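Structure first, commentary second.
Everything numeric in this text was worked out from a predicted model, so none of it was measured.
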Amino acid sequence: MESNPKINSLAARLVEPNRPDRFEHEEEEDEDEDALFAELAEEIENDNNSAMRERGLEMLRKEMERMREMKQSQYGTYNEITDEKEVVRITAHEPRCVVHFYHPNFKRCEIMDKHLAKIAPKYFNTRFFRVFVENIPWLVEKLSIKVLPCVICFVKGVTKDRLIGFDELGSDDTFTTAALELRLSVCDVIQKPTGNVMDPVYSVSSRSRRGEDENGDIFDLDD
């Protein structure tokens with residue numbers, strides 16, 4: 001069955017609120033979701049086509065559930081992880097991760113934060129987060145991180161790419177978010193969703209297929 005433009009438009013409105021600050025207040029967030037669901041459901045119920053109306057409501061329910069799953073797994077957000085073992089676990093197990101290794105005293109790290117916070121909500125199949133280098137001394141040494149900001153891309157537990165400083169972004173603090181987005185796409189750590197907005201746009205893997213790429217770095221806490 002072909003997609004109804006109205007349903008797709010409503011679904012797009014439903015996804016739109018997934019901005020970085022959306023997850024800061026749980027109760028307000030739940031109220032916003034319920035209100036949005038009620039508003040969209042009312043619009044769908046006014047459709048004259050009964051079959052399309054039922055289909056639209058079902059797709060809307062699935063979209064709401066997907067948003068809640070995304071929130072629980074921190075996809076669509078840009079947050080900070082402080083525990084070193086948790087960083088290792090996530091980068092090893094999730095399909096795609098973009099990790100910013102930062103220090104609060106570095107102005108360029110702050111600039112990188114702002115851009116990554118804008119990109120993260122656009123790619124629900126990639127996990128975005130930052131880590132304070134002083135909290136992860138073992139990883140800093142293991143990954144040979146010597147220059148900040150350093151952004152490392154992980155795909156299926158393997159380091160696929162790294163962006164050091166702003167050299168590849170024009171060596172200028174005023175680079176655009178689009179420039180960073182394009183640079184991250186080189187190693188496929190971010191991918192545009194395919195199909196219409198009602199299709200599944202992300203998946204979370206419970207385990208990694210380690211060892212698939214001999215050119216990448218795989219690390220283990222037991223090393």
Apart from Ile164 itself, which Ile, Leu, Val, Met, Phe, Trp or Tyr residues share its cluster (side-chain heavy atoms under 4.5 Å, direct or through members)?
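Members alongside Ile164: Val147.
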
With sequence neighbours excluded, residues passing side-chain hydrogen bond (donor to acceptor under 3.5 Å, both in side chains) with Asp172:
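Result, side-chain hydrogen bond (donor to acceptor under 3.5 Å, both in side chains) vs Asp172: Thr174.
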
Taking side chain as C-beta onward, heavy atoms only, is [X] less than 4.5 Å from [Y]?
X      : Y      : value
Pro95  : Asn125 : no
Lys122 : Thr177 : no
Leu148 : Tyr102 : no

Point-to-point distance, once rounded to the nearest 0.5 Å, from CG of Leu139 to OG of Ser144
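Those atoms lie 11.5 Å apart.
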
Assess whether salt bridge (charged side-chain N to carboxylate O under 4.0 Å, His left out) is satisfied between Arg89 and Glu94, documenting all intermediate values.
CA-CA 8 Å; Arg89 185 193 68 78; Glu94 301 294 352; 5.1 Å; no

Is it the case that the ring center of Phe132 lies less than 6.0 angstrom away from the ring center of His103?
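Close enough - the centres of the two rings lie under 6.0 Å apart.
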
Tell me if the aromatic rings of Phe166 and Phe175 count as close, with their centers under 6.0 Å from one another.
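Yes, they do, as the ring centres are separated by less than 6.0 Å.
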
Least distance between heavy atoms, Val131 atom then Ile81 atom:
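Between these two residues, the closest heavy atoms are CG1-O, 3.3 Å.
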
Any ion pair linking Arg183 and Asp161 (charged N to carboxylate O, less than 4.0 Å)?
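A salt bridge is present here (some side-chain N lies under 4.0 Å from a carboxylate O).
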
Among side-chain atoms of Tyr123 and Glu181, is any donor-acceptor pair under 3.5 angstrom?
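Yes, side-chain donor-acceptor contact under 3.5 Å.
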
